[in-house]
Amino acid sequence: MKPETFTFFHNVHDVARLIPRGRVTSYGAIAKYLSSPRSSRMVGYAMNAAAGDDSIPAHRVVNRIGILSGKMHFKSPKAMQEALEQEGIEVKNDQVVEFNILFWDPTKELGL
DNA sequence: CGCGTGACCAGTT
DNA sequence: TAACTGGCCACGC
């Protein structure tokens, strides 16, 4: 990636695109990967900018306990859950089942 | 050019 | 053990 375009938002989008199908990650994990553990909430804001962008799997990004905190920002509140279920991820009561197993940590998978 | 705010997280009290 | 607070970057008004 180009350093010129190395902005926080752009990075968040970039990392989100790297999330494997059928896996999920958290805002904090992405923030940590970007060396800004305290900027997790801006990661969410960045995803908001990604809403509507089909090239960015925003539905694979949930909060630290696996809750679909951003479902309301999708076209339809249930769109996020359905998108996850289509990837084989079971969602119960707006929460990813076995989130701890499906969790994809960029700092671990991509390396630091 | 400055202030407020937004899909959160982790350490303290 | 539950609740509170601070922190962080970018964008809009």
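Numbers restart at 1 for each chain; the letters A, B, ... are given by sequence-line order, proteins then strands. No hydrogens, no waters, no symmetry mates; every other heavy atom, side chains included, goes into these values.
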Please list every donor-acceptor pair under 3.5 Å in which a side-chain atom of residues 24-31 of chain A meets a protein atom from a residue at least two apart or in another chain.
{"from": "A:Thr25", "atom 1": "OG1", "to": "A:Trp104", "atom 2": "O", "distance (Å)": "2.8"}
{"from": "A:Ser26", "atom 1": "OG", "to": "A:Ala29", "atom 2": "N", "distance (Å)": "3.1"}
{"from": "A:Tyr27", "atom 1": "OH", "to": "A:Ser69", "atom 2": "OG", "distance (Å)": "3.4"}

So CG of A:Asp94 and NZ of A:Lys78: to nearest 0.5 Å the spacing works out to 13.0 Å

A:Phe74: what forms a ring-ring contact (aromatic ring centres under 6.0 Å, His included) with it, not counting sequence neighbours?
-> none

5' to 3' contact window, DNA chain B with chain A (heavy-atom distance under 4.0 Å) | B:dG6 to B:dA10

Rounded to the nearest 0.5 Å, what separation is found between the NE2 atom of A:His59 and the CD atom of A:Glu87?
-> 3.5 Å

Spell out, yes or no, whether A:Ile89 and A:Phe103 are grouped together once hydrophobic residues are joined by side-chain heavy atoms under 4.5 Å, including indirect joins.
-> yes

Separation of A:Ile19 CD1 from A:Arg60 CZ (nearest 0.5 Å) = 7.0 Å

Residues two or more places apart in sequence or in another chain: which of them pass side-chain contact (heavy atoms from CB on, under 4.5 Å) with A:Ser55?
-> A:Arg17, A:Asp53

Check every strand shown and say whether A:Asn63 touches a base, only sugar-phosphate, or nothing at a heavy-atom separation below 4.0 Å.
-> sugar-phosphate

A:Ala49 near the nucleic acid: base, sugar-phosphate alone, or nothing, with a heavy-atom cut-off under 4.0 Å?
-> nothing

Write down the distance separating the P atoms in B:dG4 and C:dG6, rounded off to the nearest Å.
-> 15 Å

Distance between P atoms of C:dC8 and B:dT12 (Å, rounded) = 15 Å

Contacts of type side-chain contact (heavy atoms from CB on, under 4.5 Å), residue A:Arg64, not counting sequence neighbours = none

For nucleotides 7-9 of chain C, print each protein N/O atom paired with a nucleotide N/O atom at under 3.5 Å, atom names and distance only.
{"from": "C:dG7", "atom 1": "O6", "to": "A:Arg41", "atom 2": "NH1", "distance (Å)": "3.1"}
{"from": "C:dG7", "atom 1": "N2", "to": "A:Arg38", "atom 2": "O", "distance (Å)": "3.4"}
{"from": "C:dC8", "atom 1": "O4'", "to": "A:Arg38", "atom 2": "O", "distance (Å)": "3.2"}
{"from": "C:dC8", "atom 1": "O3'", "to": "A:Ser39", "atom 2": "OG", "distance (Å)": "3.3"}
{"from": "C:dC8", "atom 1": "O2", "to": "A:Arg38", "atom 2": "O", "distance (Å)": "3.4"}
{"from": "C:dC8", "atom 1": "O2", "to": "A:Arg41", "atom 2": "NE", "distance (Å)": "3.4"}
{"from": "C:dC8", "atom 1": "N3", "to": "A:Arg41", "atom 2": "NH2", "distance (Å)": "3.1"}

